[in-house]
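Report on one structure; see the data block that follows.
All heavy atoms count here, side chains included; hydrogens, waters and symmetry mates do not.
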Amino acid sequence: MSGPAGNILSPEKFAEIANVSRETLARLEAYAGHLRKWQKALNLVSRSTLPDLWRRHMLDSAQLAACLPADARSLTDLGSGAGFPGLVLAIVTGLPADLVESDSRKCAFLREAARLTDAPVTVTNARIETLVESISGGAAEKDVDILTARALAPLEKLCEMAVPLRPRACVFLKGAQWQDELTRARKSWNMQVETFDSQTSADACIL
């Protein structure tokens, strides 16, 4: 929760917490302006979170950068929606990212956001099931290195999506029910899990 209006995170405070350069902040500000412009048409984020965009979405996504393997080569972001966390991570880290989104209008938004921010991303307009089939069937042009997702599906379902993609590692941002989700997922999947505290919510966790 963002709390009183005085506690809303400013872009400058975001840059301090996330330790990003002024150039990177300028690119993220261009992204934020683009998102606000498209918000009414596409409902990209919950309207209640828009006033505290820099905490609820920008920092929430950027914090995953510290959890990526040091030798990460690329990202594949499932269900990218408005670009969280994939587009933010591509801007902050410089890693190439494939943003997978089934909604063609959101894909148009993402492509324009990538152009405005000069982000190293490709946007794949496809259902996740289609992506899984293309990769598992050998039709994909590249392997999945690091898989990311935010507010997409329960952990058990994310594991089901991830296994055919054969990622080297997964970084998932989960909400207040993350412990229950982890308990349920471990009944069906054998996994090694490292947890990181969220910088934006005491109840959330990065897996």
Side-chain angles (χ1 to χ4, degrees), residues 1-2 5 7-68 72-126 128 145-152 171-175 198-201 204 206:
M1 301 293 291
S2 60
N7 291 335
I8 287 176
L9 192 69
S10 67
E12 294 75 20
K13 189 63 177 177
F14 161 87
E16 180 183 332
I17 296 171
N19 191 28
V20 300
S21 67
R22 280 185 289 182
E23 178 188 2
T24 297
L25 178 60
R27 294 165 69 195
L28 289 170
E29 286 182 311
Y31 172 24
H34 181 59
L35 185 147
R36 292 180 190 278
K37 179 180 176 181
W38 282 59
Q39 170 66 14
K40 286 185 179 180
L42 295 185
N43 193 30
L44 294 162
V45 298
S46 171
R47 187 169 64 177
S48 65
T49 67
L50 199 57
D52 202 14
L53 175 67
W54 288 91
R55 185 193 316 275
R56 298 292 296 275
H57 299 290
M58 294 295 192
L59 183 59
D60 203 42
S61 298
Q63 66 176 330
L64 270 64
C67 306
L68 299 175
R73 300 185 304 271
S74 65
L75 308 171
T76 298
D77 187 46
L78 298 182
S80 291
F84 305 118
L87 182 54
V88 172
L89 287 173
I91 294 170
V92 169
T93 67
L95 290 171
D98 186 9
L99 310 182
V100 182
E101 172 56 46
S102 62
D103 187 315
S104 60
R105 295 193 304 163
K106 290 180 180 179
C107 285
F109 162 81
L110 290 170
R111 292 188 179 103
E112 180 63 11
R115 186 191 67 79
L116 288 171
T117 58
D118 195 27
V121 305
T122 57
V123 178
T124 300
N125 184 191
I128 294 169
D145 183 34
I146 310 301
L147 193 66
T148 61
R150 173 181 182 259
L152 177 63
V171 181
F172 297 145
L173 184 59
K174 303 302 297 179
S198 169
Q199 292 180 280
T200 60
S201 171
I206 302 166

Which is it for Arg55 and Ile8 under the side chain to side chain contact (heavy atoms under 4.5 Å, CB included) test, yes or no, and what are the steps along the way? CA-CA 7 Å; Arg55 185 193 316 275; Ile8 287 176; 5.6 Å; no
By salt bridge (Lys or Arg N to Asp or Glu O under 4.0 Å) - contacts of Lys37 (at least two apart): none
Taking only residues two or more places apart in sequence, or in another chain, which ones meet Gln199 in a side-chain contact (heavy atoms from CB on, under 4.5 Å)? Ile17, Leu59, Gln63
Go through the structure and list residues passing side-chain hydrogen bond (donor to acceptor under 3.5 Å, both in side chains) with Asn125, not counting sequence neighbours. none
Say you draw a straight line from CG of Asp52 to CG of Asn7; how long is it, rounded to the nearest 0.5 Å? 8.5 Å
Which side-chain hydrogen bond (donor to acceptor under 3.5 Å, both in side chains) pairs, counting each pair once, include a residue from residues 106-119, with sequence neighbours left out? Glu112-Arg115
Heavy-atom pair with the smallest gap, counting every atom of Ala108 and Trp38: C-CH2, 4.1 Å
Would you sort out whether Leu75 and Leu68 count as a side chain to side chain contact (heavy atoms under 4.5 Å, CB included), showing the intermediate values? CA-CA 10 Å; Leu75 308 171; Leu68 299 175; 4.0 Å; yes
ring-ring contact (aromatic ring centres under 6.0 Å, His included) partners for Phe172, two or more places apart: none
Val121 and Ala90: which non-hydrogen atoms are nearest, and at how many Å? CG1-CB, 3.5 Å
Could you grab the distance from atom CZ of Arg47 to atom NZ of Lys40, nearest 0.5 Å is fine? 9.5 Å
Under the side chain to side chain contact (heavy atoms under 4.5 Å, CB included) rule, what do Ile128 and Ser102 come out as? Steps first, then yes or no, please. CA-CA 8 Å; Ile128 294 169; Ser102 62; over 6 Å; no
Test side-chain contact (heavy atoms from CB on, under 4.5 Å) applied to Thr124 - qualifying residues, sequence neighbours left out: Asp98, Val100, Ala126
Can you run down the ring pair (Phe, Tyr, Trp, His ring centres under 6.0 Å) pairs that involve residues 86-108, sequence neighbours left out, and say none if there aren't any? none
Minimum-distance pair of heavy atoms, taken over all atoms of Ala72 and Ile146: CB-CG1, 3.9 Å
Between the CZ atom in Arg73 and the CG atom in Asp145, the distance rounded to the nearest 0.5 Å is 4.0 Å
Partner set under side-chain contact (heavy atoms from CB on, under 4.5 Å) for Pro11, not counting sequence neighbours: Leu25, Glu29, Trp54
What is the distance from atom CG of Leu64 to atom CG of Leu173, rounded to the nearest 0.5 Å? 5.5 Å
Minimum heavy-atom separation for Ser74 and Leu95, please, with both atom names. N-CD2, 4.5 Å
What distance do Asp103 atom CG and Ser80 atom OG have between them, rounded to the nearest 0.5 Å? 12.0 Å
With sequence neighbours excluded, what pairs up with Glu16 under the salt bridge (Lys or Arg N to Asp or Glu O under 4.0 Å) test? Lys13
Arg27 versus Pro120, closest heavy-atom pair with distance: NH2-CD, 4.4 Å
Run His57 and Leu35 through side chain to side chain contact (heavy atoms under 4.5 Å, CB included) and show every step you take. CA-CA 11 Å; His57 299 290; Leu35 185 147; over 6 Å; no
Relative to the ring of His34, is the ring of Phe109 parallel (under 30°), tilted (30 to 60°) or perpendicular (over 60°)? parallel
Applying side-chain hydrogen bond (donor to acceptor under 3.5 Å, both in side chains) to Ser104 and not counting sequence neighbours gives none
What are the two closest non-hydrogen atoms of Met58 and Leu28, and how far apart are they? CE-O, 3.6 Å
What is the distance from atom CZ of Phe84 to atom CG of Leu99, rounded to the nearest 0.5 Å? 11.5 Å
Note, Val45 side chain near Gln39 side chain (heavy atom, < 4.5 Å): yes
With sequence neighbours left out, the residues meeting side-chain contact (heavy atoms from CB on, under 4.5 Å) with Ser46 are Ser48, Thr49
Evaluate the side-chain proximity of Pro85 to Asp77: yes if any heavy-atom separation is below 4.5 Å, no if none is. yes
Residues in side-chain hydrogen bond (donor to acceptor under 3.5 Å, both in side chains) with Ser10, at least two apart? none
